[in-house]
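Sequence lines set the chain letters: A, B, ... in the order given, protein chains first and strands last, and positions in each chain run from 1. As the structure is a prediction and not an experimental result, all values here were calculated from the model.
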2 protein chains.
Amino acid sequence: MAVSTASRVLSGSSHPISARTRAKVLAVAAELEYSPSALARAMVSPHSRLVGVLVSDIDNPYFSVIARGVDDVATRAGYVTMLSNVDRRTATEISRLQAMRDYRAAGVIFAGSGHVDDPQAPDLVKAVRRAQEQGIQTVSLAVRDLGCPSVVVDNRAVAYDITDHLVALGHRRVAFIEGPPGMTVTRHRREGFLSRMADAGLADGALCRPGGFDYQSGHAATLRLIAHRPLPDAVLAANDEAAVGALSALRQAGIDVPGEISVAGMDDLRTAEFVDLTTVRLPLYEMGSLAARHIIDTAARAGSASATPGTPATATGAEGAADGAATTVLSHRVVPRGTTARRPKGPDRPHP
Amino acid sequence: MAVSTASRVLSGSSHPISARTRAKVLAVAAELEYSPSALARAMVSPHSRLVGVLVSDIDNPYFSVIARGVDDVATRAGYVTMLSNVDRRTATEISRLQAMRDYRAAGVIFAGSGHVDDPQAPDLVKAVRRAQEQGIQTVSLAVRDLGCPSVVVDNRAVAYDITDHLVALGHRRVAFIEGPPGMTVTRHRREGFLSRMADAGLADGALCRPGGFDYQSGHAATLRLIAHRPLPDAVLAANDEAAVGALSALRQAGIDVPGEISVAGMDDLRTAEFVDLTTVRLPLYEMGSLAARHIIDTAARAGSASATPGTPATATGAEGAADGAATTVLSHRVVPRGTTARRPKGPDRPHP
DNA sequence: TTGTACGCGTTATCAC
DNA sequence: GTGATAACGCGTACAA
């Protein structure tokens, strides 16, 4: 009874084995509660069965939904998920990618947005290339030039479409509470908002205000809005959590939503449903699961059919080849709920 | 230039090395963008630098806060976090533990509650013992007899204390929306609630209702409450999300909170602050970080000072040795907010 | 059909 | 202060 025989039985090799021997191996393995070392297994193969995901902060529903999508696919495929919080710091992103590379991850998913004019971006791109050269798949879930395939939503269109909803309801002066300064997603969403307002001939009614992605930011920005009347017809926040902050500020000030003013957000996280917030549904779970599937499929293909470095098979949606890497754009959907309503009749409020 | 020399330089060995050689090694390593394989490293040591955490569902703020605590400590210590969702299924818990064991994790953290009279519990206990025998640390973040150290809160006391807050405000008929059927945490919280009501001589006013940990459950249970008047003085939900569901149902029915009825929850997740919900703050982040610290410290100790299988050093709080494994009980705190108020004056509502 | 031998990359041990 | 080698546990090419 040689180790190779046992290996062949337990790893389901196609090598012929007599039924008797096979049974004996299985029996002994069960007896010993034996299970093969994934470490040793990974050492002799091009990569481990670990898939990594880099999130800004797992305690943020946007990212935890993505992580759920990743893990569901990973688990079903016999992989284990590695998770790291990077707190939006590119340097941390690089070092965590490195850590996952040290474990010969099958792939690493970048879930967070990049920064505008990030001085460290080139270093990250280099780290990504190194990982790829080593056979580690990489996937980005945001539009950022990492030189890897990406599965994204069009954040300009997201903001454009929810703004359109507001405009269609008759709102003419709309305050936009922006996301965190310097992030790519912040810029894209602002552009989408401004674009729709301009297209409607309402450029003068587009009120951009600094904000953030958290409750506090939305609350504070709205307080400032309230202090400088006249109130806009509607408040659009760059994400749901900030929108909930805006909602609270308005209601605490005794302002009726949506009677006097409409409020909307983006992302459609659980909270949005709780407070009946109009928002935009994003396919976050799908982004995570598609990314994981891409990694695992590619890894499997590279494992069996030795090295097929052709163009990766892409899924659905529009394809764009910014830098040779396929981009899959997933669709979103405006979800009208109770915080938006038709603009009340009456004289136009004065433009400032 | 031998591999051993390079290893000594790069792994920071205390072995003496000439400055010249050291510099050369470093230079070459930088040139090659070399970084050691964590896989190979783990093969020759008793365990990898991976720490696993098993959660019911990462897309549940209760668990994502814990995961954050785990990962912060892991990252600082040079470890990587493995995460798996087990959807409250013991069988899944066993198989994911196994998967992490295959990677020779330094330790695995069980974040979720167990089930009452779980037929598969013995299998899990056995799997845990196997892991331990192999040198894998295990930590439970809930009270369940896994035969491993635990870092927990006293859920009976949590429910007791928030009920006390309600009773102190003069409420005499309190509806308790329970957690998911069959879970240990559900039972403990119900017991704490009933215990405080009984102590106040209000056993007749303790109204237990089936529920769950999600918005829908809280909403539905409250709708049923509303349909069967008279209304209780207060509604206590087994967690914050269900409490928010209760809140919505009441407000949609035009019932003033806290004017006509008080509402409270438990856990103090972000949502609770958004809706100004009275609740109980749980040290979830600390539970995760303490568990990770325990694992990493123990692994390091076992690595250097060869095998010191004495009693593990425990942190703060009360210690109980159910089965030889240390239990650390962390403290909680009632957080009064805007959804609870003194019971309005007036004639006692009739008991049913 | 089964057994043997090698290599994956690292660290610890022992020889120089 | 440096180098060679064994060992970790697996899969696999090759020999029997």
Side-chain angles (χ1 to χ4, degrees), chain A residues 1-29 32-50 78 80 98-106 134-136 299-300 302-307, chain B residues 1-29 32-50 78 80 98-106 134-136 299-300 302-307:
Chain A
M1 180 81 80
V3 287
S4 50
T5 307
S7 170
R8 289 193 264 255
V9 173
L10 297 169
S11 62
S13 157
S14 63
H15 208 91
I17 299 280
S18 78
R20 222 175 83 66
T21 307
R22 173 182 303 271
K24 194 152 69 172
V25 168
L26 257 21
V28 173
L32 266 22
E33 290 173 334
Y34 169 87
S35 94
S37 159
L39 253 27
R41 192 172 266 185
M43 283 223 19
V44 295
S45 62
H47 56 78
S48 64
R49 289 186 158 239
L50 292 167
V80 177
Q98 176 66 30
M100 291 176 172
R101 190 171 83 106
D102 292 344
Y103 282 96
R104 302 296 179 262
Q134 201 190 315
I136 295 178
S304 57
S306 49
Chain B
M1 182 79 80
V3 286
S4 45
T5 306
S7 170
R8 288 193 264 253
V9 173
L10 296 169
S11 63
S13 158
S14 62
H15 207 92
I17 300 278
S18 77
R20 223 177 84 64
T21 308
R22 172 181 305 269
K24 193 153 69 173
V25 169
L26 258 20
V28 174
L32 266 21
E33 290 173 337
Y34 168 87
S35 95
S37 160
L39 252 27
R41 196 171 262 186
M43 281 220 24
V44 293
S45 64
H47 56 79
S48 65
R49 289 186 156 240
L50 292 167
V80 177
Q98 176 66 30
M100 291 176 174
R101 191 172 83 106
D102 292 344
Y103 282 96
R104 304 294 180 261
Q134 203 190 312
I136 295 179
S304 58
S306 47

Report all side-chain donor-acceptor pairs from residues 15-29 of chain B shorter than 3.5 Å, counting only partners two or more places apart or in another chain.
| residue | atom | partner | partner atom | Å |
| --- | --- | --- | --- | --- |
| B/S18 | OG | B/T21 | N | 3.1 |
| B/S18 | OG | B/T21 | OG1 | 2.7 |

Sugar-phosphate or base contact per nucleotide [nucleotides 8-16 of chain D; S, B, -; heavy atom under 4.0 Å]: BBBBBB---

Taking all atoms of both residues into account, what is the closest heavy-atom pair of A/A106 and A/A299, and its distance? CB-CB, 4.2 Å

Kindly state each residue pair satisfying salt bridge (charged side-chain N to carboxylate O under 4.0 Å, His left out) with at least one member in residues 8-17 of chain B, sequence neighbours excluded. none

Give, ordered by number, those residues of residues 20-28 of chain B having at least one heavy-atom distance below 4.0 Å to an atom of DNA chain C; if nothing qualifies, reply none. none

Distance under 4.0 Å to a non-hydrogen atom of chain A counts as contact; along DNA chain C, which nucleotides mark the start and end? C/dT1 to C/dG9

What is the bend of the helix from C/dT1-D/dA16 to C/dC16-D/dG1 when you compare the axis at one end with the axis at the other, using five pairs each and rounding to 10°? 50°

Sequence neighbours left out, what passes side chain to side chain donor-acceptor pair (under 3.5 Å) with A/R104? Give chain and number order. none

List the residues meeting side chain to side chain donor-acceptor pair (under 3.5 Å) with A/Q98, not counting sequence neighbours, and say none if there are none. A/R101, A/D102, B/S35

Interatomic spacing from CZ in B/R41 to OG in B/S7 - rounded to 0.5 Å: 7.5 Å

For B/Y103 and A/V80, which heavy atoms make the closest approach, and how far apart are they? CE1-CG2, 4.0 Å

What pair of heavy atoms forms the shortest contact from B/I136 to B/A105, and how long is it? CG1-O, 3.3 Å

